[in-house]
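Report on one structure; see the data block that follows.
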There are 2 protein chains.
Amino acid sequence: MISRTARYALHVLAILAARPADRLRGEEIASATGIPVNYLSKILNQLRKAGLVESRKGWGGGFQLQAEAGQRPIRDVLVVFDGLESADRHDCALGRTACDNEHPCAMHDEWAGVRDGFTRMITATKVADLAQ
Amino acid sequence: MISRTARYALHVLAILAARPADRLRGEEIASATGIPVNYLSKILNQLRKAGLVESRKGWGGGFQLQAEAGQRPIRDVLVVFDGLESADRHDCALGRTACDNEHPCAMHDEWAGVRDGFTRMITATKVADLAQ
DNA sequence: ACCTCAATGGATGCATATATCCATTGAGAT
DNA sequence: ATCTCAATGGATATATGCATCCATTGAGGT
């Protein structure tokens, strides 16, 4: 549902959202989250390319939440790391391609409910909400 | 949420549940479902070991839904293929170990709702319900 | 100008889910 | 007894998510 990498990203954003005025080194974020440093650097890079964080190199450098990123929904993060299909699900729980409202599978309605709850969760929750 | 293999298994059971009186060869099930034959054989074997299907070797052999399997909840299938943790979720959407009702994360309640819906779905739906 | 610091990015390793191949077993048909 | 059929099971391939390693870039301090 949410990949480990995407959860990492959310955890990182939570840390940054808690201190929006500070610039944190990758090393700090790694030790605060427990995410392996090298892997984290890839994640931070993707967050930067997605416009969610700003970075500065060299002495005094580090990462900081991008100005308006706090108001972005969690969904935006999931799209980056898990793809659109994972964020906007309209799949069948059994993987049937022929499953729709006219020809529902046995779990169609209940699965639609689960998906809706998920969608509502990731659109209602904003990055800023993650700050502990 | 539900692995491809588990969805395969459910699809297989759907086929067998639709014809509870017949014994179907692996080959037939493969072409009916589109699951690669060899991979399917592993799945059928696990279903047999789990007591969900019966098998017979050789001439006239094949697979058949086990007598009481129709009343087993889908959850039993998910436990076999995706493990207990996947069927009975009580995890945090952000992967926090420290997340509980006293110290909830930003998505705690909404995620609990999603999980509950899933749990209800897989316990309420029985194998027999899958028959198209 | 030079040095150090920290992000950037490419290449590579590892684990697991998915998929394939083939030899063996056991059951019915003849 | 022998033959054929189809499940069983072990060994091996492929793809992907996760993780590591290291060389390069660019920004500040001296």
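In what follows, chains carry the letters A, B, and so on, assigned in the order in which the sequence lines appear, proteins first and then strands, with residues in each chain numbered from 1.
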Inset, instruction - Would you indicate, yes or no, if D/dG9 has its OP1 or OP2 atom less than 4.0 angstrom from a side-chain nitrogen or oxygen of B/R48? - result: yes
Legend entry - Interatomic distance where OH belongs to A/Y39 and C1' belongs to C/dA15 [whole Å]: 13 Å
Legend entry - Candidate nucleotides D/dT25, D/dG9, C/dC5, ranked by approach to the side chain of A/W59 - the nearest: C/dC5
Legend entry - Rounded interatomic separation in angstrom, taking CZ from B/R7 and C1' from C/dA17: 12 Å
Inset, instruction - Taking the side chain as every heavy atom from C-beta outward, state whether A/R72 and A/L13 have any pair of such atoms under 4.5 Å apart. - result: no
Legend entry - Sugar-phosphate, base or nothing in reach of A/N38, heavy atoms under 4.0 Å: base
Inset, instruction - Ignoring backbone atoms, test whether B/S55 places a side-chain nitrogen or oxygen under 4.0 Å from the OP1 or OP2 oxygen of D/dA6. - result: no
Inset, instruction - Would you tell me if any nitrogen or oxygen in the side chain of B/T5 comes within less than 4.0 Å of OP1 or OP2 on C/dT18? - result: yes
Inset, instruction - Would you please confirm or rule out a distance under 4.0 Å between OP1 or OP2 of C/dG26 and any side-chain N or O of B/R56? - result: no
Inset, instruction - Please confirm whether the backbone N or O of B/I2 pairs with a side-chain atom of B/R7, one donor and one acceptor, at under 3.5 Å? - result: yes
Inset, instruction - Would you tell me if any nitrogen or oxygen in the side chain of B/K49 comes within less than 4.0 Å of OP1 or OP2 on D/dG9? - result: yes
Legend entry - Phosphate contact (D/dG9 OP1 or OP2) by B/N45 side-chain N/O below 4.0 Å: yes
Inset, instruction - Can you tell me the distance, in whole Å, between the CZ atom of A/R25 and the P atom of C/dT4? - result: 17 Å
Inset, instruction - State which of C/dT20, D/dA19, C/dT18 makes the closest approach to the side chain of B/R4. - result: C/dT18
Inset, instruction - Would you classify A/Y8 as touching base, sugar-phosphate or nothing, given that sugar-phosphate means primed atoms plus P, OP1 and OP2, and contacts are heavy atoms under 4.0 Å? - result: sugar-phosphate
Inset, instruction - Can you tell me the distance, in whole Å, between the CD atom of A/Q46 and the P atom of D/dA19? - result: 13 Å
Inset, instruction - Specify the separation, in whole Å, of atom CG of A/L44 and atom P of C/dG9. - result: 13 Å
Legend entry - B/Y8 side chain near B/F81 side chain, heavy-atom distance below 4.5 Å: no
Legend entry - Derivation of the side chain to side chain contact (heavy atoms under 4.5 Å, CB included) call for A/H11 and B/L94: CA-CA 7 Å; A/H11 200 169; B/L94 300 174; over 6 Å; no
Legend entry - Under 3.5 Å donor-acceptor, A/Q64 side chain and A/A21 backbone: yes
Legend entry - Nearest-nucleotide pick for A/K42, side chain only, options being C/dA11, D/dA11, D/dT8: C/dA11
